[in-house]
Amino acid sequence: MSETPQHLYLVDGSAYIFRAFFALPPMNREDGTPTNAVFGVTSMLLNLIERTDADHVAVIFDAKRQNFRNDIYPDYKGHRPDAPEELRPQFPIIREAVEALSLPYVEMEGFEADDLIATYAKQAAAAGAEVTVVSSDKDLMQLVDDHISMWDPMKNQVISYDQVMEKFGVGPDKVVDVQSLAGDSTDNVPGVPGIGIKTAAQLINEYGDLDTLLERASEIKQPKRRESLIEFAEQARISRQLVRLKDDVAVEVPIADLKRRAMDKDRLLTFLKENGFKRLIARVSDGSETGASASDAPAPPKPADASYDLVQDADALKAWIALAEKVGTVAVDTETTSLNQMQAELVGVSLSVEAGKACYIPLAHVAPGSAGDGDLLSTGDDAEVPKQMDKAEALALLKPMLEDPGILKIGQNIKYDAVVLAGEGVAVTPIDDTMLISFVLEGGMHGHGMDELSELHLDHKPIAFSEVAGKGKSQITFAEVPLDKARDYAAEDADITLRLWQALKPRLLEEKLVTVYETIERPLVPVLAMMEREGIKVDPTVLRSMSTDFGKRIADLETEIHKEAGRNFNVGSPKQLGEVLFDEMGLDSGRKTKTGAQSTSSDVLEPLRDAHPIVAKVLDWRMLSKLKSTYTDALMEDIHPRTGRVHTSYMMTGAQTGRLSSTDPNLQNIPIRTEEGRAIRKAFVAPSGSKLISLDYSQIELRLVAHVAGIEPLIQAFRDGQDIHAATASEVFGVPMADMTSDVRRKAKAINFGIIYGISAFGLANQIGVARGEAQAFIDRYFERFPGIRAYMDETVEYCRKHGRVETLFGRRIHIPTINDKNPMRRNYAERQSINAPIQGTAADIIKRAMIRIPKALEDAGLSDRVKMLLQVHDELVFEAPEGDTEAAIACIKAVMEGAAQPLLDLKVPLIVEAGTGDSWAEAH
DNA sequence: TAGATCACG
DNA sequence: GACGTACGTGATCTAC
């Protein structure tokens, strides 16, 4: 083998250090030396070398702070603070770590890591090697070309020409020119004032390059821009010198010396032991990726041992805020009067900055024993209102901290707190959410409520809400809880949240789930919070008249049913109804329920429609009662008194597959399948002058099946825009498309759905009303025609048996612990789940990715202040827009939705979105 | 509080 | 080879 590299991997080590230091909770080895950055860098490098095929590797670091750029511009990176005290002692240990991993450690006085990377990259590329630069630093993007690409380890994403184009609006060869104009506040590169990346890209595209632009600056039409460019031309040229990487450094280590060496396991293990990295030791010694469950960090005191502060004046609050600023991370929890976030009134806030250290800030407590409202007579001699800060004053102090981009706010289900605080005019950003981290790590294994997570990870049972507020009828609101009890409960919640974060957050990195969390879950929080606060307008008059109409018809039907039955009984009682229909009237009872009672469900009653007139009446009664109680009546109660709109709450951990669920009220199950039910959607309206827009993915799950199972005929049918169920029928039953009957198509449609659900002959037979043997024959023929589907199912189930989980195409994990259950019923069920979950979950990931991108896309289209995203119904998004903006909004949103799998995923089938508009949801869908 | 039923994707 | 079945949700009502 020759010494010329085939594939050179250049790792931007400095970036890794900072990333690890700030992302991981503090850790110390036995002698007290902090080790969190060491741990993070070691773990990341270990991941990296396990997955690359590179034959040459270097980990490259910045030397000391001064370099040639400071001679050009003394302020370069001038405002960067010194490395934090906790980080400084870790630098030499990180060097040891790199060496223990048998990787070359490269640094050079007077040069930044970026210059060394540029030099090696150019040299290797010139020699014909492929180069991968591992970094997410945009300053390195100027290097990208046919031979040099980047890998962003945080986003798990390749950065090549397209991504550079997306980021800078120009190709890699013009990145330097754009950066020279736009400047860079993080590196203190001045650029030209008033010019950002967008304008810079536009100018460079127009004039070709920086020099030409500066020469011809006087031709620019916009006066301000023209003057700025003329005045700051020299500053732009200086910026270019700062930004352009030096690719001809006389490197001390030749490329040949970067040849990858075999890992010295003993040396590595010695290093890991010295630093107490138990989890990495386990991983290196047996190669298993699950690792030990023991935490590497020493156990902090249990919450029970902690004592908490009550903050009752501005000075105390300022001290806590200063602490949060110093640490840079703070757990936040709000206490309110209601679980319903739109009705909730803020009662207090708790904060925690380190394990065991937390406070509670009461803001709206009332005298204990006094009812929160209505009790006007008993003011005088009641207990006093407890001492607490003025709410507005406290929020004014908290607001800058909660909105500070440099302070991470950690919450358990922080969407709730964000919605409540948004009601007080306070934004919460940036955020982390322990509930979501747990869901991403261990979805399917257990619930993700705080009490459960605390018992699981901290071995501590938190104070129950009912202990401080009571339960049942005598339950009081949190505002009435005495301050000492309120402090113990509320501060503990913040403390636990912080500890959970410390325990769980590092695992995202170790278990390669950072991308799912950071690109699909976390950024969705502000989007959903906004939708929930927006709500959708519901017209109560429509509901009221429907309710009256339904009420009459239900009463009439009830009379008739009682007459047919020969006695009065409660039609809504399945037990009584069963007795009447089957015992007294002698109808054929179909199934039994699992408790042994005779089932009266609609699929039992439906076939009996013709057996007796009472059956149809019962079915109608059922339908109308359902519609009245669950929809028309209940929905009127849910109209918010102040907004006149209905505000649902989305639960992000509600469905194992990654789908959202909707509660209070559930707006994801508003009727549509029957004419009567569909009418309820007429009550969901746009305000006058606006329209509702509904956009939904067409057949997204079936498209995903065609993709993952590689079913060529279906892929082709989707590409050709054919009726997919008819095309399936044609393939499976051999009927030419021209001769297709609705019955054959119906059967094919049922099989297609069956495939998504993990088909069984019994289930299919039930669904389409044929004998089980016939259903089995259909399935056999389907598998015969589309062998890919069999293979997909077998492989998926096999993978699940081995790992206890399945994955979506975006890497979301869905755990299915019962897959190896000895009970065959539970096991079969788990197998069907494992077939369905990747499909349903990938579809959920796709629409979430779309939702995250939509606010930005609307802003770019100049629509963001007028077009509002209101609802998500699994494969559908509902918006409200002024009448004149609907067309532009549809074009913008449709493009985002149809492209939402990109660039991470290149589907073999197109994603198609269908759109409609109208004055009501009934018209729009 | 569990079970049955039925609304949705 | 038996087990008893389509996947994922939430709200309402009855009956215990």
Side-chain angles (χ1 to χ4, degrees), chain A residues 444 569-578 591-606 618-619 621-635 637-638 648-651 653-674 676-678 680-681 696-697 699-702 705 750-768 772 775 779 806 814 816 821-841 843-844 847 871-876 925:
Chain A
F569 69 101
N570 184 347
V571 188
S573 161
K575 186 164 171 258
Q576 295 180 34
L577 181 64
R591 289 199 318 264
K592 293 268 168 74
T593 66
K594 59 184 160 209
T595 49
Q598 308 172 90
S599 173
T600 63
S601 72
S602 65
D603 43 314
V604 171
L605 296 190
E606 204 58 56
V618 167
L619 286 167
W621 184 97
R622 278 253 182 88
M623 178 182 75
L624 294 171
S625 309
K626 179 83 176 181
L627 294 177
K628 184 170 188 291
S629 68
T630 311
Y631 299 103
T632 58
D633 291 358
L635 223 37
E637 300 297 310
D638 289 318
T648 184
S649 173
Y650 290 101
M651 207 171 154
T653 55
Q656 314 287 7
T657 54
R659 270 192 180 180
L660 301 178
S661 72
S662 159
T663 58
D664 297 307
N666 181 356
L667 295 185
Q668 290 182 322
N669 71 347
I670 301 302
I672 192 167
R673 290 174 189 168
T674 66
E676 307 273 12
R678 199 187 174 89
I680 289 168
R681 294 188 173 221
D696 67 288
Y697 283 108
Q699 302 289 357
I700 186 168
E701 293 191 356
L702 205 49
V705 169
I751 307 176
N752 278 334
F753 275 100
I755 294 297
I756 295 171
Y757 297 152
I759 202 154
S760 75
F762 196 93
L764 180 64
N766 247 343
Q767 190 62 36
I768 59 176
R772 218 179 104 183
I779 296 170
V806 290
I814 298 132
I816 304 177
D821 201 296
K822 60 185 190 316
N823 176 328
M825 189 175 79
R826 280 201 291 270
R827 197 170 60 240
N828 287 343
Y829 177 41
E831 288 174 4
R832 293 194 300 273
Q833 287 179 304
S834 73
I835 290 165
N836 172 261
I839 309 295
Q840 192 182 109
I847 195 166
L871 301 178
Q872 190 250 41
V873 194
H874 309 309
D875 61 1
E876 175 189 9
H925 188 85

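Labels below follow one simple rule: chain letters A, B, ... track the order of the sequence lines, proteins then strands, and each chain is numbered from 1. Keep in mind that what you see is a predicted model, and the values were worked out from it rather than measured.
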[X] versus [Y], closest heavy-atom pair with distance:
| X | Y | answer |
| --- | --- | --- |
| A:A843 | A:I700 | CB-CG2, 4.0 Å |
| A:P665 | A:T648 | O-OG1, 2.7 Å |
| A:S629 | A:A634 | O-CB, 3.5 Å |
| A:L660 | A:Q668 | O-OE1, 3.6 Å |
| A:A750 | A:I768 | CB-CG2, 3.1 Å |

Please state whether the phosphate of [N], meaning OP1 or OP2, lies under 4.0 angstrom from any side-chain nitrogen or oxygen of [X].
| X | N | result |
| --- | --- | --- |
| A:S661 | C:dG10 | yes |
| A:T593 | B:dG3 | no |
| A:Q833 | C:dG8 | yes |
| A:K822 | C:dC3 | no |
| A:T600 | B:dA4 | no |
| A:S602 | B:dC6 | yes |
| A:Q576 | C:dA15 | yes |
| A:T595 | B:dA4 | yes |
| A:Y829 | C:dG8 | yes |
| A:R622 | B:dC6 | yes |
| A:N570 | C:dT14 | yes |
| A:R673 | B:dG9 | yes |
| A:R832 | C:dC7 | yes |

Handout entry: A:Q840 backbone acceptor or donor facing A:T657 side chain under 3.5 Å
Key = no
Problem - Polar side chain donor-acceptor pair, A:Q656 to A:Q833, under 3.5 angstrom - result: no
Selection from [options] that lies nearest to any side-chain heavy atom of [X]:
| X | options | answer |
| --- | --- | --- |
| A:I672 | B:dA4, B:dG9, B:dA7 | B:dG9 |
| A:S601 | B:dG9, C:dA6, B:dT5 | B:dT5 |
| A:D664 | C:dA11, C:dC13, C:dA15 | C:dA11 |
| A:Q767 | C:dT14, B:dG9, C:dA6 | C:dA6 |
| A:P824 | C:dC13, C:dA6, C:dA2 | C:dA2 |
| A:A655 | C:dT5, B:dG9, C:dT9 | C:dT9 |
| A:M623 | B:dA7, B:dA4, C:dA6 | B:dA7 |
| A:K626 | B:dT5, C:dT14, C:dC7 | B:dT5 |

Completion exercise
Distance col, row A:L702:CG vs A:I755:CD1, nearest 0.5 angstrom, shows 9.0 Å
Practice task
Take atom P in C:dA2 and the same atom in B:dA7, then report the distance between them in whole Å.
Solution key: 38 Å
Practice task
Please measure how far the P atom in C:dA6 lies from the corresponding atom in B:dT5, and state the result in whole Å.
Solution key: 13 Å
[X] [atom1] to [N] [atom2]: how many Å, rounded?
| X | N | atom1 | atom2 | answer |
| --- | --- | --- | --- | --- |
| A:L577 | C:dA15 | CG | C1' | 15 Å |
| A:I839 | B:dG9 | CD1 | C1' | 15 Å |
| A:I814 | C:dT9 | CD1 | P | 11 Å |
| A:L627 | B:dC8 | CG | C1' | 12 Å |
| A:Y650 | B:dC8 | OH | C1' | 13 Å |
| A:E701 | B:dC8 | CD | P | 17 Å |
| A:Q668 | B:dA7 | CD | C1' | 12 Å |
| A:M651 | C:dG8 | CE | P | 16 Å |

Handout entry: Heavy-atom donor-acceptor pair, A:S760 side-chain to C:dT5 base, under 3.5 Å
Key = yes
Exercise for the section: Answer yes or no: side-chain N or O of A:R591 and base N or O of C:dG4 forming a donor-acceptor pair under 3.5 Å. Expected result: no
Problem - Closest-nucleotide 5' rank along DNA chain C - winner of A:Q656 and A:T630 - result: A:Q656
Exercise for the section: Would you please test A:I751 and A:L764 for side chain to side chain contact (heavy atoms under 4.5 Å, CB included) and show each step? Expected result: CA-CA 7 Å; A:I751 307 176; A:L764 180 64; 4.0 Å; yes
Completion exercise
Stems in DNA chain C, runs of 3 or more consecutive Watson-Crick or G-U wobble pairs with both distances under 3.5 Å, sorted by first number, are B:1-9 with C:7-15
Practice task
Any chance you could lay out the side chain to side chain contact (heavy atoms under 4.5 Å, CB included) test for A:Y631 and A:N669, step after step, and finish with the verdict?
Solution key: CA-CA 10 Å; A:Y631 299 103; A:N669 71 347; 3.3 Å; yes
